[in-house]
Number of protein chains: 2
Amino acid sequence: MSVNPAPRAYQVVLTAIENDLRSGVLTLGDQLPGERALAEQHGISRASVRDAIRILDVMGIVRTSTGSGPNSGAVIISEPSAGISQALRLHVAAKGINVREIVESRILLETWAAQMHPRDTVYAQQVLDRTAVLIMRMDDPQLSRDEFHRIDAEFHVLLASTAGNAVVESMMESLRNSISDYVAASIPDDESWQPIVRTLRRQHKAIHHAFATDQRERAAQLLEEHINWFYSQTR
Amino acid sequence: MSVNPAPRAYQVVLTAIENDLRSGVLTLGDQLPGERALAEQHGISRASVRDAIRILDVMGIVRTSTGSGPNSGAVIISEPSAGISQALRLHVAAKGINVREIVESRILLETWAAQMHPRDTVYAQQVLDRTAVLIMRMDDPQLSRDEFHRIDAEFHVLLASTAGNAVVESMMESLRNSISDYVAASIPDDESWQPIVRTLRRQHKAIHHAFATDQRERAAQLLEEHINWFYSQTR
DNA sequence: GACGTAGTATGGTCAGACCACACTTCGAAA
DNA sequence: TTTCGAAGTGTGGTCTGACCATACTACGTC
């Protein structure tokens with residue numbers, strides 16, 4: 001019966017980098033030292049260093065690329081939704097989370113964001129303009145379903161982003177991503193899709209109008225109906 | 001100018017396993033095939049297989065251990081909070097998320113959970129009993145600060161779990177974990193900690209009482225005040 | 001039958017190699 | 001002198017093959 005959790009080699013590098021991030025030694029846009037250099041610095045093998053960097057990669061902390069130069073190697077980005085999306089997605093697959101919970105959470109986050117007073121009114125106005133463009137693009141009858149879903153997701157995330165909370169924004173994006181396959185699979189034929197998309201367009205316009213006229217309560221209510229209605233169609 | 005995002009080798013295994021999870025071929029408690037077997041099956045090296053499994057590991061999908069037998073190797077668990085915690089934690093370090101957003105999100109999730117009618121009243125009653133025990137343990141003056149924080153977190157997560165939403169529960173746990181170091185560091189000395197812990201104990205008891213007497217609105221309000229007050233002390 | 005030991009398969013780690021790639025450098029051609 | 005292309009250099013990505021500690025299994029001994 002072993003009690004020790006067996007310390008992993010990559011943890012050394014991971015902790016070191018996390019500390020550097022916290023203390024500000026490493027900031028957005030910086031390059032990490034090369035894998036070979038990190039391996040030597042910490043006295044572990046390159047394989048273990050790669051474990052640590054792989055984790056930072058899937059978590060959306062760094063982006064890695066081959067080649068040399070200032071844009072190569074592991075560069076600090078910070079895309080919280082990347083890691084959270086991946087986690088939620090896998091746990092939905094593993095049945096640790098079900099679709100009801102995802103939908104419930106989406107409604108919670110989106111209605112909250114809708115009712116929040118925008119943290120930045122100039123940005124909020126820009127969002128209104130950009131979402132208007134998205135609505136127009138979703139009117140295109142030539143649009144593929146995949147593309148529609150992509151723009152649809154962007155529409156929702158953009159509206160929620162006016163609340164100015166990266167956690168909520170990332171969560172929304174992640175929740176949407178985590179079940180996008182499920183959604184796509186549950187409405188297989190185009191015949192059943194056509195009437196649905198018409199309703200979605202109408203709902204989006206109503207939601208946008210409520211936002212534009214500052215009817216926050218109403219926007220929240222419309223969003224809740226919109227999300228609930230859509231998922232009721234996926235069965 | 002390369003346009004291809006360079007397909008990663010480990011993605012093959014990751015997708016295969018995700019599909020098996022989705023289709024039910026793999027379920028909770030199952031063992032994954034050995035790394036050497038997976039490598040041969042997919043025609044890639046063991047190193048790349050390990051990349052995939054490492055990801056499943058940090059995401060909380062599997063637990064790996066050495067040795068042989070039914071409990072060895074990679075076993076499917078499903079601990080959503082593991083992956084999300086790690087992601088949030090790193091992004092807080094990388095300044096992609098700030099503490100205000102964490103606190104705001106905590107309040108959103110906890111007050112929502114408090115106002116939700118419990119999905120399972122029997123479970124809710126058990127939670128009330130267990131949180132009562134936690135409150136008693138937090139009264140122990142011998143308790144270390146670390147231990148207090150641990151029990152405190154468990155208290156909050158347990159209360160929220162009555163809402164019956166794994167996403168919300170995982171998020172709460174993750175938000176709490178992601179800034180626990182920050183909290184610990186911001187109240188360094190025991191002299192300033194003593195008066196704080198007294199208030200926390202009082203607030204916890206009031207919250208528990210509101211839950212026990214089914215005053216959901218009041219419980220939500222007390223939670224909000226409790227969380228806001230505590231973080232106002234960490235500056 | 002009980003018990004201890006050898007066997008076996010697992011993940012964890014390491015070393016070393018080769019590749020494709022992207023930038024850098026520098027010399028040759030205009 | 002300027003331009004441009006080829007060689008050079010360092011990066012992560014992948015593979016191979018090896019060794020280790022561990023934990024269970026099976027077998028042989030008592």
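Proteins come first, then strands; the chains are lettered A, B, ... in the order of their sequence lines, and each starts at number 1.
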Quick one: [X] [atom1] to [N] [atom2], roughly how many Å, whole number?
| X | N | atom1 | atom2 | result |
| --- | --- | --- | --- | --- |
| L38(A) | dT11(D) | CG | P | 11 Å |
| E40(A) | dC14(C) | CD | P | 14 Å |
| D57(A) | dG12(D) | CG | P | 12 Å |
| E35(B) | dT16(D) | CD | C1' | 15 Å |
| Q31(B) | dC24(D) | CD | P | 11 Å |
| Y10(B) | dT14(D) | OH | C1' | 13 Å |
| R54(A) | dT11(D) | CZ | P | 17 Å |

Under-3.5 Å donor-acceptor pair between R46(B) side chain and dG12(C) base: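 In this structure, the two groups form a donor-acceptor pair.
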Using a distance-only criterion (donor-acceptor N/O pair, under 3.5 Å, no hydrogens), is the base of dG11(C) paired with the side chain of R8(A)?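 Side chain to base: no pair below 3.5 Å.
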Which nucleotide sits closest to the side chain of [X]: [options]?
| X | options | value |
| --- | --- | --- |
| I44(B) | dC15(D), dG12(C), dT14(D) | dC15(D) |
| R50(B) | dT25(D), dG12(C), dG13(D) | dG12(C) |
| T64(A) | dC15(D), dG13(D), dG11(C) | dG13(D) |

Using heavy-atom distances to pick each residue's nearest nucleotide on DNA chain D, tell me which of T66(B) and P33(A) is more 5'.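 Result: P33(A).
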Which residue, R36(B) or A47(B), contacts DNA chain D at a nucleotide closer to its 5' end, judged by nearest heavy atom?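 In this pair, the answer is A47(B).
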Have a look at I53(B) and say if it touches a base, only the backbone sugar-phosphate, or nothing, with a 4.0 Å heavy-atom cut-off.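 Nothing, no heavy atom under 4.0 Å.
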May I ask you to say what G67(B) touches in the nucleic acid, namely base, sugar-phosphate or nothing, with a heavy-atom cut-off under 4.0 Å?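 Base contact.
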5' precedence on DNA chain C between N71(A) and D51(A) (nearest-nucleotide basis):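 Upstream on the strand: D51(A).
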5'-most contact on DNA chain C: G69(A) or S68(B), nearest heavy atom basis?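 Here S68(B) is the residue nearer the 5' end.
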Return no unless some side-chain N or O of S72(B) is found under 4.0 Å from OP1 or OP2 of dT10(C).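 No, no such contact exists.
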Under 4.0 Å between a side-chain N/O of S65(A) and OP1 or OP2 of dA22(C), yes or no?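 No, S65(A) has no side-chain N/O under 4.0 Å of OP1/OP2 on dA22(C).
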Only one of V127(B), T131(B), T121(B) passes side chain to side chain contact (heavy atoms under 4.5 Å, CB included) with T162(B); say which it is.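 Of the listed options, the one satisfying the test is V127(B).
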So, do L143(B) and I151(B) sit near enough that their side-chain heavy atoms are less than 4.5 Å apart?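 L143(B) vs I151(B): side chains touch.
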More than 12 non-hydrogen atoms from neighbouring residues, nucleotides or ligands closer than 6.0 Å to CD on E40(B), yes or no?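 Not more than 12 within 6.0 Å, no.
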Which value, rounded to the nearest 0.5 Å, describes the distance between S105(A) atom OG and R100(A) atom CZ?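 Result: 8.5 Å between the selected atoms.
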Working to the nearest 0.5 angstrom, can you tell me the gap between I102(A) CD1 and I107(A) CD1?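 If I round to the nearest 0.5 Å, the distance is 12.0 Å.
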